[in-house]
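First the structure, in the form of structure tokens, and then the observations on it.
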Amino acid sequence: MEVNARVSAVKQWLDERLGLEPVREFLAHKTVPKHSSTIWYYFGGITLFLFGVQVATGMLLLLYYRPTSTEAYESVQFIVAEVQFGWLIRSVHSWSANLMMLTAFIHMFSVVLLHAYRRPREVTWLSGIALLGLTMAFGFSGYLLPWNTTSFFATRIGTDVAASMPFIGEALARFLRGGDDIGGATLTRFFGFHVAILPGITTVLILVHLALVQRHGISTPPSVERQHYGAAAKVPQLPFIPNFLVRELMAWYGTLGVLGCLAALFPWELGDKADPFAPAPAGIRPEWYFLAPFYTLKLIPSHVWGIEGQVLGLLGFGLLAAWWVTLPFWAAARDGALRVRLVTGAGVALIAYLATFSFLGYTR
Amino acid sequence: MKTIMVASWLAMLMSICLAAKDSCVTCHQGLEGVQSDPVRKFTNDIHHRHGFSCADCHGGDPQRDDADAAMSPARGFRGKIPRTAVPQLCARCHSDASLMHKYNPRQRVDQLAQYLTSNHGKRLTAGDTAVANCVDCHGVHDIRTTKDPLSPVHPLRLPETCARCHSDAARMEKYKLSPTVLADYQTSVHWRALADRGDLSAPSCASCHGNHGAAPPHVGEVAAVCGTCHVMMEDLYRGSPHKPIFDDMGVAGCVACHENHAVMHPTPELLNSESGICANCHDAESAGGKTAAGMAKLIGELSSQIDRSKAILDRARRSGMEVSPALLRQTEAQEQLVKARVAVHAFRVDAVGAPVQEGLAITRETYTAGLSALEELDRRRTGLLFSLVAIGLTILGLWLWIRNFERKKRSLTAPVTSSGSGDPLGG
């Protein structure tokens with residue numbers, strides 16, 4: 001009784017100063033739709049958890065990492081070989097980045113296939129897509145930082161692709177590299193993007209994304225809505241606190257276990273130090289999440305209808321990206337009816353394309 | 001004035017036409033078989049690229065259309081060059097330093113002088129036309145620079161070129177030479193370096209026998225020949241007790257242990273006091289036999305310690321452990337092994353012992369590093385196991401708590417409406 005009285009006193013003290021009562025009230029009444037696909041709702045939270053892991057491990061790595069072409073590799077080697085638990089921090093950071101990319105993709109496709117992008121959640125969708133792009137930028141910029149052979153040449157390929165974009169390609173590649181080729185200036189620049197610019201923008205966008213999710217609530221799939229349309233019983237709801245939150249915590253713990261297993265059993269390799277004057281090793285390829293476009297560009301002939309193949313490919317990807325980003329706007333017909341089959345078909349086709357071309361890009 | 005200009009243009013045009021005219025090519029390219037071969041091949045010839053024509057070697061007058069006039073002896077036509085005259089014919093230009101300077105300032109001009117000192121040259125001078133002259137090695141009408149991979153004297157093709165004669169048993173019988181030299185050479189470390197690794201600096205025939213002055217090195221010269229590459233071995237051998245003994249015996253130093261053409265990769269087995277090469281002269285119980293056994297034991301020990309250390313480091317690396325500093329240190333032990341193998345040529349146990357001891361100290365260090373890495377790996381796995389148990393228990397605790405919470409809530413708010421099927425995933 002004594003303890004409860006003290007807790008109430010602290011609550012009251014905080015309420016007076018921070019005005020937390022409306023927040024508590026909001027959370028107490030917040031619910032999540034409960035149906036056979038509820039499991040997909042956890043992936044957004046898992047992605048957020050992995051972002052937190054990235055921030056925490058990234059800050060620890062910053063204590064020892066030195067972003068110059070002469071010291072970067074050696075500093076990572078020092079972290080892995082000499083620093084207490086340095087190997088774990090570095091390996092968790094690398095694995096977590098990849099898992100975060102995977103869960104972000106799963107989250108995006110679950111939003112598409114459960115049709116959670118519908119009015120009034122268009123801006124939520126746009127902020128999510130922007131976050132996915134930022135996650136990819138994190139991956140691209142972070143990949144170079146250990147300054148090993150694979151990262152060096154993969155970044156060269158990546159910036160070469162950027163250079164072949166029409167009109168802005170050369171300027172963009174030069175901006176990314178900080179010169180004509182990958183070098184110390186590129187490393188410093190990528191480090192700046194990775195630890196300052198991208199985290200800043202991402203944090204703001206995550207807050208916007210989360211605020212919009214709270215504002216509009218969790219979407220119920222149209223099929224579930226149809227089942228309960230006109231029925232006496234409404235769509236069952238799961239209280240957010242504690243029912244959903246505890247389950248989300250369980251998922252986070254599970255993710256932590258998977259991360260621990262990957263980091264301890266398959267430590268992320270450091271490889272050999274980058275040698276800008278050495279020839280590119282055979283079979284060099286970018287990270288798995290860039291494999292599908294990379295392999296597609298490889299398949300396109302050098303010239304198609306007089307246009308350079310790579311330029312045509314990039315234009316195609318640009319159109320595909322624009323079409324995907326604007327999904328909520330073409331998903332609804334003029335009469336407001338949802339084009340369920342079209343969107344589901346597009347989602348499944350995109351998953352099939354990414355899976356097939358990533359596999360082919362990895363194996364060939 | 002205009003007339004003079006037109007006349008001078010015409011004169012220039014005529015001179016260009018005359019200079020370009022070559023009746024040898026015009027006629028021979030219309031012939032068939034061997035008669036047209038020279039014309040066809042000559043387009044790839046280095047001499048053709050530098051503006052030389054058929055007449056520069058064969059004489060005659062290529063400006064004449066009439067075959068008899070063009071190939072008239074009165075106009076210097078020599079026809080097919082006799083084999084004995086080939087070296088002197090080539091030397092007309094190739095021994096002329098000022099002429100050769102125009103085409104390649106670094107080109108040597110002593111080929112004829114060298115050739116005349118070679119066994120080939122001596123025999124040709126004595127009238128033996130079966131021996132090799134310039135064209136047998138360099139080709140004729142399609143002569144290429146030695147750097148051209150299609151040249152028969154390019155380093156990669158030279159052994160087969162020499163073998164065209166030296167693997168011909170019937171031809172070699174006359175000179176009492178072994179026709180198996182190419183087959184022997186192709187079992188050697190030198191051939192593997194040349195053919196497998198593509199190392200153009202690896203020794204082939206000319207590296208040891210010379211090219212234009214080709215001759216087998218004499219017994220006393222062999223160490224010097226091998227020493228052009230194996231400098232330290234030669235130095236140690238010259239200071240060793242074997243040198244005066246082999247000289248007295250008339251045995252070629254290096255060849256006595258390593259063979260000449262079939263030079264094998266040396267292994268510690270070579271020093272085995274019972275089955276190794278040393279056993280040919282030294283009993284196992286003799287001082288020489290004991291020295292050989294001592295050196296073999298030391299080298300074998302360092303070699304096995306390097307293998308042991310390498311195995312554990314490889315295991316650690318494959319398991320994802322960062323052992324690159326130890327792997328780098330391991331290369332220093334490998335260097336000590338190389339030094340110990342070189343020191344064998346002093347034929348003293350203490351000379352081999354010094355690098356071996358240094359190498360063993362390094363392998364102890366690297367082996368310990370590998371062992372520590374594997375122990376660390378075990379600690380990590382144990383740590384992972386404890387962490388997974390802790391995570392599993394936490395998840396279980398949360399699941400039990402939420403199940404209990406939902407049960408209580410259901411019992412309070414019957415009939416069941418929304419939450420609480422008891423399924424932790426909310427299904």
Side-chain angles (χ1 to χ4, degrees), chain A residues 31-42 73-74 76-83 85-88 90-91 232-273, chain B residues 313 316-329 369-370 372-374 376-410 412-413 415-427:
Chain A
T31 59
V32 175
K34 187 171 172 248
H35 48 83
S36 59
S37 301
T38 300
I39 192 167
W40 299 108
Y41 292 151
Y42 296 101
Y73 180 85
E74 285 76 7
V76 178
Q77 200 172 41
F78 181 77
I79 290 169
V80 173
E82 305 293 335
V83 178
F85 292 111
W87 65 272
L88 183 65
R90 196 243 164 180
S91 212
K234 296 206 167 172
V235 177
Q237 298 291 316
L238 192 66
F240 184 78
I241 294 178
N243 306 49
F244 187 84
L245 188 63
V246 167
R247 289 178 172 87
E248 184 74 64
L249 269 177
M250 286 161 64
W252 289 9
Y253 269 108
T255 308
L256 191 64
V258 171
L259 257 185
C261 287
L262 290 170
L265 300 177
F266 309 101
W268 204 264
E269 266 193 53
L270 179 57
D272 297 321
K273 186 176 179 176
Chain B
L313 287 173
R317 192 177 50 81
R318 279 199 307 275
S319 308
M321 302 303 291
E322 175 54 35
V323 286
S324 50
L327 283 168
L328 188 66
R329 183 85 171 118
S372 305
L374 289 180
E376 168 68 15
L377 184 68
D378 282 344
R379 278 197 297 278
R380 287 182 189 183
R381 286 179 176 166
T382 313
L384 172 68
L385 187 68
F386 280 113
S387 309
L388 287 180
V389 169
I391 288 170
L393 286 174
T394 311
I395 293 175
L396 184 68
L398 287 170
W399 183 70
L400 290 172
W401 182 84
I402 197 70
R403 196 177 65 158
N404 193 34
F405 175 84
E406 286 174 352
R407 265 189 194 156
K408 273 186 190 168
K409 191 131 194 193
R410 263 206 308 273
L412 287 173
T413 59
V416 177
T417 51
S418 57
S419 65
S421 66
D423 177 356
L425 288 177

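Note on naming: letters A, B, ... go to the chains in the order of the sequence lines (proteins, then strands), and numbering restarts at 1 for each one. No hydrogens, no waters, no symmetry mates; every other heavy atom, side chains included, goes into these values.
Looking at B:Ile395, the atoms closer than 4.5 Å to chain A (heavy atoms on both sides) sit in the backbone and in the side chain alike. When heavy atoms are compared at a cutoff of 4.5 Å, B:Thr394 approaches chain A solely by way of its side chain, counted from C-beta outward. For A:Leu270, the part sitting under 4.5 Å from any heavy atom of chain B is the side chain, from C-beta outward, and nothing else. With a 4.5 Å cut-off on non-hydrogen atoms, B:Leu384 touches chain A through its side chain but not through its backbone.
Within the structure, the salt bridge (Lys or Arg N to Asp or Glu O under 4.0 Å) test picks out the following pairs touching residues 379-400 of chain B (sequence neighbours left out): B:Glu376-B:Arg379, B:Glu376-B:Arg380.
No side-chain donor-acceptor contact under 3.5 Å links A:Ser91 to the backbone of A:Leu88.
For the set A:Phe244, A:Trp87, A:Trp252, the count of heavy-atom pairs under 4.5 angstrom toward chain B peaks at A:Trp87.
In this structure, A:Arg247 pairs ionically with B:Glu406, as a charged nitrogen and a carboxylate oxygen lie closer than 4.0 Å.
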Sequence neighbours excluded and cut-off under 3.5 Å, please list the side-chain donor-acceptor pairs for residues 259-269 of chain A, or say none.
none

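Atom OH of A:Tyr253 is surrounded by 12 or fewer heavy atoms from other residues, nucleotides or ligands within 6.0 Å.
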